[in-house]
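Below is one structure, written out as structure tokens; comments come after it.
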Amino acid sequence: MRVLVGYASEHGATRGIAERIGLRLGEYGHQVDVRRLKGRRRCAGYDAFVLGSAVHSGAWMPEAGGFLRACGAELGEHPIWLFSVSMAPAVGGWFERHAKEPKPLPQVTRALPARGHRMFAGALLPWHLPAFGRLVFRLMGGRYGDFRDWKDIDSWALDIALDLSESPEVRANRP
């Protein structure tokens, strides 16, 4: 199957996750394009989609939302998986206690027959924040680092690859 792994990333962690998912899907024989969603308004030519975005202020980045709005009707005709990259669970403290599902996702998952949504931790390094933001972040108990769980990402990509490889009859009878 031809798969678009599309992403919206500010500092590169989400791009890295998308690239890893694309690599794993390719290892299972799927033709994969890993592309940034910024400015993309066409989704023709793909059999399936894995779409993800960094989460900022509790929401997907505007470029991801723009792609979903532009291609929503066509996306609904294909298998689709969604992933979000948020630092809240990984950095702990106040951030973890107040983490929620990204704002647009309930609407998106109702409008599209998404086969799944996964929340992954990303990376947060000091230079990702302005000076005042670094101060507040440390005072609130946050910690810096690359928190991507490659084993979890690989496992999810394998689930997608296998799902794409199954016949509709096998998929319909799976528990």
Side-chain angles (χ1 to χ4, degrees), residues 1-56 59-90 99 101-105 107-109 111-125 128 145-168 170-171 174:
M1 294 195 112
R2 186 165 169 120
V3 182
L4 173 65
V5 179
Y7 66 89
S9 182
E10 185 167 342
H11 298 291
T14 306
R15 181 188 71 233
I17 291 171
E19 289 169 348
R20 183 69 165 249
I21 292 168
L23 176 69
R24 295 297 178 242
L25 294 177
E27 290 174 349
Y28 284 87
H30 300 289
Q31 293 179 309
V32 182
D33 289 332
V34 179
R35 302 277 186 252
R36 187 168 181 180
L37 294 174
K38 187 172 187 170
R40 265 187 112 65
R41 296 294 181 256
R42 293 183 41 217
C43 52
Y46 294 100
D47 303 308
F49 299 86
V50 180
L51 305 173
S53 176
V55 175
H56 291 273
W60 269 23
M61 294 179 65
E63 61 197 68
F67 179 79
L68 291 172
R69 282 189 296 282
C71 295
E74 191 172 345
L75 289 172
E77 299 171 6
H78 301 283
I80 182 172
W81 289 264
L82 305 171
F83 70 95
S84 299
V85 180
S86 172
M87 289 311 304
E101 186 175 76
K103 292 173 190 168
L105 282 182
Q107 297 166 325
V108 169
T109 54
L112 297 174
R115 293 192 179 176
H117 170 257
R118 239 5 212 286
M119 178 72 76
F120 296 116
L124 182 62
L125 302 173
H128 292 165
D146 186 339
F147 302 97
R148 292 175 287 186
D149 182 341
W150 297 112
K151 186 176 178 181
D152 187 36
I153 294 163
D154 289 344
S155 175
W156 192 60
L158 172 61
D159 290 345
I160 294 170
L162 294 175
D163 194 9
L164 289 172
S165 300
E166 288 181 347
S167 68
V170 170
R171 196 175 303 115
R174 191 186 328 159

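Sequential numbering from 1 along the given sequence is applied to the chain's residues. These numbers come from the heavy atoms of this one structure, side chains and all, not from hydrogens, waters or symmetry mates.
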Requested in this report: To the nearest 0.5 Å, tell me how far Asp163 CG sits from Leu158 CG.
Outcome: 11.0 Å

Requested in this report: Hey, could you give me the CD1/CG distance between Ile80 and Leu51, rounded to the nearest 0.5 Å?
Outcome: 4.5 Å

Query raised in the report: Can you name the side-chain hydrogen bond (donor to acceptor under 3.5 Å, both in side chains) partners of Glu27, sequence neighbours left out?
Result: Arg24

Query raised in the report: Which pair of heavy atoms, one from Val55 and one from Ser86, lies closest together, and at what distance?
Result: CB-CB, 4.1 Å

Report summary line: Closest non-hydrogen contact found for Glu74 with Ala44 is OE2-CA, 3.3 Å

Query raised in the report: Are Phe67 and Leu75 close enough that some pair of their side-chain heavy atoms sits under 4.5 Å apart?
Result: yes

Query raised in the report: How would you list, by chain and number, every residue that makes a salt bridge (charged side-chain N to carboxylate O under 4.0 Å, His left out) with Arg69, sequence neighbours excluded?
Result: none

Requested in this report: Could you grab the distance from atom CG of Leu162 to atom CG of Leu25, nearest 0.5 Å is fine?
Outcome: 10.0 Å

Query - All pairs passing side-chain hydrogen bond (donor to acceptor under 3.5 Å, both in side chains) where residues 2-18 contributes a residue, at least two apart - result: Arg2-Asp33, Glu10-His56

Query raised in the report: Can you name the side-chain contact (heavy atoms from CB on, under 4.5 Å) partners of Ala48, sequence neighbours left out?
Result: Val3, Pro79, Trp81, Leu164

Report summary line: To the nearest 0.5 Å, atom CD1 of Ile160 lies from atom CZ of Arg118 at 8.5 Å

Query - Residue pairs, two or more places apart or on separate chains, that pass ring-ring contact (aromatic ring centres under 6.0 Å, His included) and touch residues 17-46 - result: Tyr46-Phe49

Report task. Using the test side-chain contact (heavy atoms from CB on, under 4.5 Å), find all partners of Ala8 that sit at least two apart in sequence or belong to another chain. Result -> Ser53, Met61, Glu63, Ala64

Report summary line: What one should report as the nearest heavy-atom pair of Ser84 and Trp60 is OG-NE1, 2.7 Å

Query raised in the report: Which value, rounded to the nearest 0.5 Å, describes the distance between His78 atom NE2 and Leu4 atom CG?
Result: 11.0 Å

Query - Residues which pass ring-ring contact (aromatic ring centres under 6.0 Å, His included) with Phe120, listed by chain and number, not counting sequence neighbours - result: Trp156

